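Everything numeric here is computed off the predicted structure, so don't read it as measured data.
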Amino acid sequence: RLRVPRLELAIQEKDYRAYLDLRRRIAQEGARDDILARLAELRLSAPSFIEAYSLEAKVARRLYLDTGERRYLDRGISVAREALRRAPGDPRPREALFELELSAGHLDEAESVLGKLEEIDPAGSLLQRGLLAERRGQLQEALDLMQAAARMQPSWLTLLTLANAEYRQSRLDDARRHLEELLARSPGNLE
């Protein structure tokens, strides 16, 4: 069972509407610099709204993956760490920081973040543990962990992550089966 502390949010309606608009734009247009800039403004306007930090860190990571520009990675890590400082019991900043550290190839840092995340959400961190094992070259262990995660929580993201790992290991029939399950559970999913 996920343990997230109750947070009192001090956010204006206009800021929340801006956040929802930015999420919609990201879904339609993808990660862009102007969206990243607007998320930074939103974070400054509503400093207790952790969702804005997490989304900004994810957009920065996406831009890093798309461009390879280190500035996006540095920004994402900085924003995720600030969110973690503001909400140490909230798993979302840790998840974002884990993804950023993993993307950067900082495997020891990613493992450290994951250890704290496992304390908060032991079952939910199986997928991340699998991603870390894969980056370390422990391919069978990675698949075992991701398959366990998919059995426990067969969300579209878990199934997609598992299918991609199976594809990378040339297990095409397994990948196809998990993608078909994903589409059955989430028809019309563009991912």
**OP:** May I have all residue pairs that pass salt bridge (Lys or Arg N to Asp or Glu O under 4.0 Å) and include part of residues 137-164, sequence neighbours excluded?
**Re:** none
Subject >> Value rounded to 0.5 Å, distance of CZ in Arg70 from OH in Tyr64 >> reply: 6.5 Å
Original post:
When rounded to the nearest 0.5 angstrom, what is the spacing between CG in Asn164 and CG in Leu159?
Top reply: 11.0 Å
**OP:** Give the cluster check for Leu172 versus Leu143: same hydrophobic cluster or not, with ILVMFWY residues linked at side-chain heavy-atom distances below 4.5 Å.
**Re:** no
Subject >> Test item: Thr67 side-chain N/O and Leu63 main-chain N/O as donor-acceptor pair under 3.5 Å >> reply: yes
**OP:** Kindly check if the number of other-residue, nucleotide or ligand heavy atoms within 6.0 Å of CZ (Arg17) is above 12?
**Re:** no
Original post:
With a 4.0 Å cut-off, would you call Arg168 and Glu134 a salt bridge?
Top reply: yes
Original post:
Which atoms form the tightest heavy-atom contact between Leu102 and Ala110, and what is the distance?
Top reply: N-CB, 4.0 Å
Subject >> Atom CD of Glu13 with >12 non-hydrogen neighbours under 6.0 angstrom >> reply: no
Subject >> Validation row: Asp15, Phe49 side chains within 4.5 angstrom (heavy atoms) >> reply: no
Subject >> salt bridge (charged side-chain N to carboxylate O under 4.0 Å, His left out) assessment of Arg23 paired with Glu51 >> reply: CA-CA 11 Å; Arg23 285 185 56 110; Glu51 287 86 348; over 6 Å; no
Subject >> Sub-4.5 Å side-chain heavy-atom contact between Ile26 and Leu55 >> reply: yes
**OP:** Spell out, yes or no, whether Leu131 and Leu139 are grouped together once hydrophobic residues are joined by side-chain heavy atoms under 4.5 Å, including indirect joins.
**Re:** no
Subject >> Value rounded to 0.5 Å, distance of CG in Leu162 from NE2 in His178 >> reply: 4.5 Å
Subject >> Residue pair Ala165 / Met146: nearest heavy atoms and the distance that separates them >> reply: CB-SD, 3.5 Å
Original post:
Are any side-chain N or O atoms of Glu56 and backbone N or O atoms of Val79, one a donor and one an acceptor, separated by less than 3.5 Å?
Top reply: no
Original post:
Got a sec, which residues hit side-chain hydrogen bond (donor to acceptor under 3.5 Å, both in side chains) with Arg61, two or more places apart in sequence or on another chain?
Top reply: Ser103
Original post:
Less than 4.5 Å apart, any side-chain heavy atom of Arg129 and any of Glu118?
Top reply: yes
**OP:** Pick out which of Arg177, Arg176, Arg171 makes a side-chain hydrogen bond (donor to acceptor under 3.5 Å, both in side chains) with Asp174.
**Re:** Arg177
**OP:** Check whether any side-chain N or O of Ser125 sits under 3.5 Å from a backbone N or O of Gln128 as a donor-acceptor pair, and report yes or no.
**Re:** no
Subject >> Sidechain-backbone polar pair: Arg75 side chain, Ala60 backbone, donor-acceptor under 3.5 Å >> reply: no
**OP:** Using the side-chain hydrogen bond (donor to acceptor under 3.5 Å, both in side chains) rule, pick out the option among Arg43, Glu82, Arg86 that qualifies with Tyr53.
**Re:** Arg86
Subject >> Separation of Ser45 OG from Lys14 NZ (nearest 0.5 Å) >> reply: 4.0 Å
Original post:
In this structure, which one of Arg92, Lys116, Arg94 forms a side-chain contact (heavy atoms from CB on, under 4.5 Å) with Leu84?
Top reply: Arg94
Original post:
Nearest heavy-atom pair of Ile11 and Ala46: which atoms, and what distance?
Top reply: CG1-CB, 4.0 Å
Original post:
Are the charged groups of Lys58 and Glu95 less than 4.0 angstrom apart, N to O?
Top reply: no
Subject >> Sequence neighbours excluded - salt bridge (Lys or Arg N to Asp or Glu O under 4.0 Å) pairs with any residue from residues 156-166 >> reply: none
Subject >> CZ on Phe98 to CG on Leu132, rounded to 0.5 Å >> reply: 5.0 Å
Original post:
In terms of hydrophobic clustering (I, L, V, M, F, W, Y; side-chain heavy atoms under 4.5 Å; direct or indirect links), are Leu20 and Leu39 co-clustered?
Top reply: yes
**OP:** Determine the minimum heavy-atom distance between Ala31 and Arg62, stating which atoms define it.
**Re:** CB-CG, 3.5 Å
Subject >> Interatomic spacing from CG in Leu97 to OG in Ser54 - rounded to 0.5 Å >> reply: 10.5 Å
Subject >> Close side-chain approach of Leu127 to Leu145, heavy-atom, < 4.5 Å >> reply: no
Subject >> Within-4.5 Å side-chain heavy-atom neighbours: Thr161 and Thr158 >> reply: no
Original post:
Hey, quick one: are Leu65 and Ile35 part of the same hydrophobic cluster, counting side-chain heavy atoms closer than 4.5 Å, chains of contacts allowed?
Top reply: yes
Subject >> Working for side chain to side chain contact (heavy atoms under 4.5 Å, CB included), residues Asp33 and Tyr72 >> reply: CA-CA 10 Å; Asp33 276 316; Tyr72 294 120; 2.6 Å; yes
Original post:
Which heavy-atom pair separates Ala175 from Ala163 by the least distance, and what is that distance?
Top reply: CB-O, 3.4 Å
**OP:** Show your reasoning for whether side chain to side chain contact (heavy atoms under 4.5 Å, CB included) applies to Leu183 and Glu180.
**Re:** CA-CA 5 Å; Leu183 287 173; Glu180 288 169 355; 5.8 Å; no
